[in-house]
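What follows is a set of notes on a single structure, which appears directly below.
If you're wondering where the values come from, they're calculated on a predicted model, not measured in any experiment.
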Amino acid sequence: QVRVVESGGGLVQAGDSLTLSCAASGGIFTTYRMGWFRQAPGKEREFVAAISWSSGLTYYADSVKGRFTISRDNAKNTVYLQMNSLKPEDTAVYYCAAQPSLKTPTLQSAYRYWGQGTQVNVSS
């Protein structure tokens, strides 16, 4: 069974950097796309970034473009989200998700497997 587990959240100050990790297991991920989503208090969950495992093609939400970088380590079956220049509005629970086929990268419904989330708090 496919499993994704996030780690790396924490409390940082505005302007700091933080890297989240997402470890995937239980499947063959060469055809998968991996995504990061986040949900801030009182808001709906939203797309952050995605990467196609085989090609490395990446997608970003406008709100994080230029500040966040998604990458993957094929040997470790791990996807990373490098977050720079963090802002208080980046405070949220960050979720990693996996989709077995290359559907629309920004749609939550396109992802089949989800992690439990990791909390990121950015203080001003």
About how many Å separate CE of M34 and OH of Y111, when rounded to the nearest 0.5 Å? 9.0 Å
Quick check on the hydrophobic clustering: are I51 and L107 connected, directly or via other members, by side-chain heavy-atom contacts under 4.5 Å? no
Give a yes or no on whether V79 and V120 share a hydrophobic cluster (residues Ile, Leu, Val, Met, Phe, Trp, Tyr; joining criterion: side-chain heavy atoms under 4.5 Å apart). yes
Counting distance only, does the side-chain N/O of E6 pair as donor-acceptor with the main-chain N or O of T118 below 3.5 Å? no
Does one hydrophobic cluster hold both W114 and V93, with members joined at side-chain heavy-atom distances below 4.5 Å? yes
Hey, quick one: are I70 and Y113 part of the same hydrophobic cluster, counting side-chain heavy atoms closer than 4.5 Å, chains of contacts allowed? yes
All heavy atoms of A23 vs all of T78, minimum pair found to be CA-OG1, 4.1 Å
Where do R72 and W53 land on the side chain to side chain contact (heavy atoms under 4.5 Å, CB included) test, with the steps shown first? CA-CA 7 Å; R72 88 274 195 225; W53 207 290; 4.2 Å; yes
Between V4 and C96, what is the shortest heavy-atom contact and its length? CG2-O, 3.8 Å
Honestly curious: do F37 and M83 fall in one hydrophobic cluster under the side-chain, below-4.5 Å linking rule? no
Under 3.5 Å, sequence neighbours excluded: what are the donor-acceptor pairs made by side chains of residues 39-50?
residue: Q39; atom: NE2; partner: K43; partner atom: O; Å: 3.1
residue: R45; atom: NE; partner: Q108; partner atom: OE1; Å: 2.9
residue: R45; atom: NH2; partner: Q108; partner atom: OE1; Å: 3.3
residue: E46; atom: OE2; partner: R38; partner atom: NE; Å: 2.7
residue: E46; atom: OE2; partner: R38; partner atom: NH2; Å: 3.2

All side chain to side chain donor-acceptor pair (under 3.5 Å) counterparts of S52, not counting sequence neighbours: R33
4.5 Å side-chain heavy-atom contact, Y60 and P105: no
Return the orientation label for the Y94 and F68 ring planes: parallel under 30°, perpendicular over 60°, tilted otherwise. tilted
Who are the salt bridge (Lys or Arg N to Asp or Glu O under 4.0 Å) partners of R67, not counting sequence neighbours? D90
Do you know the tightest heavy-atom contact between W36 and C22? CZ2-CB, 3.6 Å
Side chains of residues 7-20: which donor-acceptor partners sit under 3.5 Å, not counting sequence neighbours?
residue: D16; atom: OD2; partner: Q13; partner atom: N; Å: 3.1
residue: S17; atom: OG; partner: N84; partner atom: OD1; Å: 2.9
residue: T19; atom: OG1; partner: Q82; partner atom: OE1; Å: 2.4

Which residues pass the salt bridge (Lys or Arg N to Asp or Glu O under 4.0 Å) test with K76, not counting sequence neighbours? none
Trace of the side chain to side chain contact (heavy atoms under 4.5 Å, CB included) decision for V122 with E89: CA-CA 8 Å; V122 184; E89 51 263 44; over 6 Å; no
Got a sec, which residues hit ring pair (Phe, Tyr, Trp, His ring centres under 6.0 Å) with Y32, two or more places apart in sequence or on another chain? F29
